[in-house]
There are 2 protein chains.
Amino acid sequence: MTAVAPEVEKEEEQVVNPWEVSAGKGGIDYDKLVDQFGCQRLDAATIDRVARLTGRPPHRFLRRGLFFAHRDFNEILDLYEKGEKFYLYTGRGPSSEALHLGHLVPFMFTKYLQDAFKVPLVIQLTDDEKFLWKNLTVNESKRLARENAKDIIACGFDVEKTFIFSDFNFVGGAFYENMVKVARCVTYNKAVGIFGFSQEDHIGKISFPPVQAVPSFPSSFPHLFSGMEQLRCLIPCAIDQVNKYAFSGGQDSEELQRELGANLEVDVPIKYLNFFLEDDNELELIKKGYGDGSRLTVEVKNLLGDVLYQLIERHKRARAQVTEEMVDTFMALRPLPNMFG
Amino acid sequence: MTAVAPEVEKEEEQVVNPWEVSAGKGGIDYDKLVDQFGCQRLDAATIDRVARLTGRPPHRFLRRGLFFAHRDFNEILDLYEKGEKFYLYTGRGPSSEALHLGHLVPFMFTKYLQDAFKVPLVIQLTDDEKFLWKNLTVNESKRLARENAKDIIACGFDVEKTFIFSDFNFVGGAFYENMVKVARCVTYNKAVGIFGFSQEDHIGKISFPPVQAVPSFPSSFPHLFSGMEQLRCLIPCAIDQVNKYAFSGGQDSEELQRELGANLEVDVPIKYLNFFLEDDNELELIKKGYGDGSRLTVEVKNLLGDVLYQLIERHKRARAQVTEEMVDTFMALRPLPNMFG
């Protein structure tokens with residue numbers, strides 16, 4: 001038996017769960033994350049396959065590695081190739097009045113997937129989760145869920161293929177049965193291992209994971225998927241990202257920048273342009289010029305400002321068009337006869 | 001610091017929770033139980049008060065101490081005296097096809113309370129609980145719930161004052177909101193202290209107590225109690241009783257019995273007659289004769305046999321009259337306009 005010396009310094013562990021993201025000194029180690037969650041890197045061959053199967057270019061979030069890993073995506077593509085469809089599931093914990101750009105990224109990507117694969121989508125608004133974790137009333141959580149639904153609808157989802165629901169409104173029936181079935185399969189110890197609960201946490205937290213698990217089973221939505229209990233589910237998801245500082249890779253003075261060029265690897269404006277500037281050629285020109293010193297930091301920052309401004313203005317205009325009636329329609333318990341159309 | 005010697009014998013603790021009843025050597029210590037659960041003994045003054053307020057003799061279960069303790073019952077009676085009604089809540093975990101006599105006792109008593117006070121009643125069938133605790137499928141749990149509803153209806157409840165529901169069918173909406181509200185108030189440690197969960201128990205068990213707590217809030221039943229959020233709830237309940245041996249207080253031979261008489265304190269047939277023989281005078285005569293030796297053990301046992309046979313036959317006949325349509329009606333989500341009539 002070996003004694004463990006308590007003074008041995010432990011490597012700082014990265015913690016990634018639905019409520020906490022904390023990284024070691026070097027930031028999040030994505031390779032480790034991919035391993036830890038039993039995922040695989042989304043490789044070029046898979047991205048090419050998506051392009052071929054959908055008959056359209058892959059989204060820039062795929063081309064440029066914002067969505068970088070998957071589990072069993074190839075199985076879904078195998079079935080899709082044989083003519084079997086799937087459905088998409090994503091969600092949002094409504095803790096604030098409106099969604100910021102980071103919150104919108106997974107929805108933008110989900111819209112692309114819905115359009116490209118022509119598949120139905122369920123969107124869960126976990127107002128119960130926010131009631132349990134934040135100091136909110138039930139009514140305030142429900143109100144925020146409805147407000148957030150407007151931002152989500154503004155991303156352009158197809159009302160004939162999309163069901164948005166709030167837990168407080170929808171939990172019950174087959175959905176509740178599945179919650180209980182999932183709960184019976186997970187020990188307290190296992191839940192603690194995954195989510196890091198403490199014994200002083202209230203049992204509402206410990207009860208919650210099944211609520212978020214069951215939308216991945218088609219039988220949770222009998223009004224949509226009755227008789228389709230084998231339908232596969234694809235879940236686009238993101239981890240929270242708490243960037244406090246926007247590092248620049250540019251040099252400290254115009255003179256030095258012209259002489260040395262920018263370090264593109266650490267430059268946050270370039271990272272953002274990578275995700276939000278659609279045009280591949282334009283992006284390459286900018287990166288080349290910024291890297292060789294012919295473009296200045298201020299120019300790149302201004303360009304990013306323009307890109308983000310346009311994106312946000314477009315979203316604001318779309319959100320202003322979303323009426324209460326549209327929210328009612330997206331959230332109505334209804335069949336979606338054209339969901340695979 | 002004191003070392004604890006492992007050989008020190010600990011007093012056997014009694015454990016009483018919804019899923020386990022185990023007593024020390026002397027059987028269950030009811031006085032300790034009353035203290036532990038913050039209850040008070042149901043005294044003669046309270047029983048007299050019930051008789052006066054309802055205008056009918058108290059049920060023999062009250063007169064003879066089968067229901068022996070209460071919490072805040074006097075507050076409910078104070079309000080009732082001023083004209084404010086309350087509602088009754090009881091339940092059943094459907095783990096078997098039919099209810100035995102012990103299971104029926106709380107329902108018999110509840111029927112008396114409903115008739116005497118003229119109040120509505122909600123009956124929860126915890127099919128989810130039995131799915132979680134027993135090795136049952138969801139459908140089997142639901143089927144047993146419906147079968148058990150027949151036994152319960154056979155006790156004679158007033159369909160205009162009674163709503164029977166199964167958790168798998170009813171959880172959702174305001175009921176689910178209340179579940180989440182209760183769950184937020186109870187830490188894991190607290191739940192373990194009350195219910196004795198272990199860390200290897202699945203989280204379904206840990207999630208369950210709120211499901212059984214919320215029927216005590218009128219807001220869980222908006223179709224019945226909308227606008228009556230202050231309505232009090234009275235919960236008749238029993239603890240499980242696991243009597244493996246039926247002790248006789250009679251003597252070993254007819255000769256000894258005639259000479260010494262029986263020990264009524266430990267005699268199980270007398271205990272059962274106490275609960276199930278309605279006639280006070282007849283009961284007194286039997287006890288007197290059995291105690292002084294003029295009645296033999298076999299006579300008392302036969303008499304009990306007759307009483308129980310009649311009770312069970314009456315129940316069987318009533319159950320045979322319960323149709324599927326009656327079950328549907330009792331379990332229909334509906335307002336009860338005459339529930340206080």
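Here the structure is a predicted model, which means the values were calculated and not measured. Per chain, numbering begins at 1; letters A, B, ... match sequence-line order. In what follows, every heavy atom counts, from backbone to side chain, and hydrogens, waters and symmetry copies are set aside.
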Given V180(B), V182(B), D167(B), the one with more heavy-atom pairs under 4.5 angstrom with chain A than any other is V180(B)
What residue in D127(B), V192(B), D201(B) has the most heavy-atom pairs under 4.5 Å with chain A?
->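 Ranked by heavy-atom pairs under 4.5 Å with chain A, first place is D201(B).
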When you look at [atom1] of [X], are more than 12 heavy atoms from neighbouring residues, nucleotides or ligands closer to it than 6.0 Å?
X	atom1	result
Q230(B)	CD	no
E229(B)	CD	yes
K85(A)	NZ	yes
R334(A)	CZ	yes

Once you round to the nearest 0.5 Å, how far does [atom1] of [X] lie from [atom2] of [Y]?
X	Y	atom1	atom2	value
F197(A)	I206(B)	CZ	CD1	10.0 Å
K205(B)	Y188(A)	NZ	OH	15.5 Å
N189(B)	I203(A)	CG	CD1	11.5 Å

Tell me, for N169(B) versus chain A, whether the close heavy atoms (under 4.5 Å) come from the side chain, the backbone, both or neither.
->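 No part of it gets close to chain A.
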The interface call for K142(B) against chain A, heavy-atom contacts under 4.5 Å, is side chain
Closest non-hydrogen atom pair between E200(A) and T187(B), with its separation |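 It is O-CG2, 3.4 Å.
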Evaluate the side-chain proximity of Y176(A) to V211(B): yes if any heavy-atom separation is below 4.5 Å, no if none is.
->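 Yes, at least one pair of side-chain atoms sits under 4.5 Å.
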Below 4.5 Å from any heavy atom of chain B, which atoms of V138(A) appear? Answer side chain, backbone, both or neither.
->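 The answer is the side chain of V138(A).
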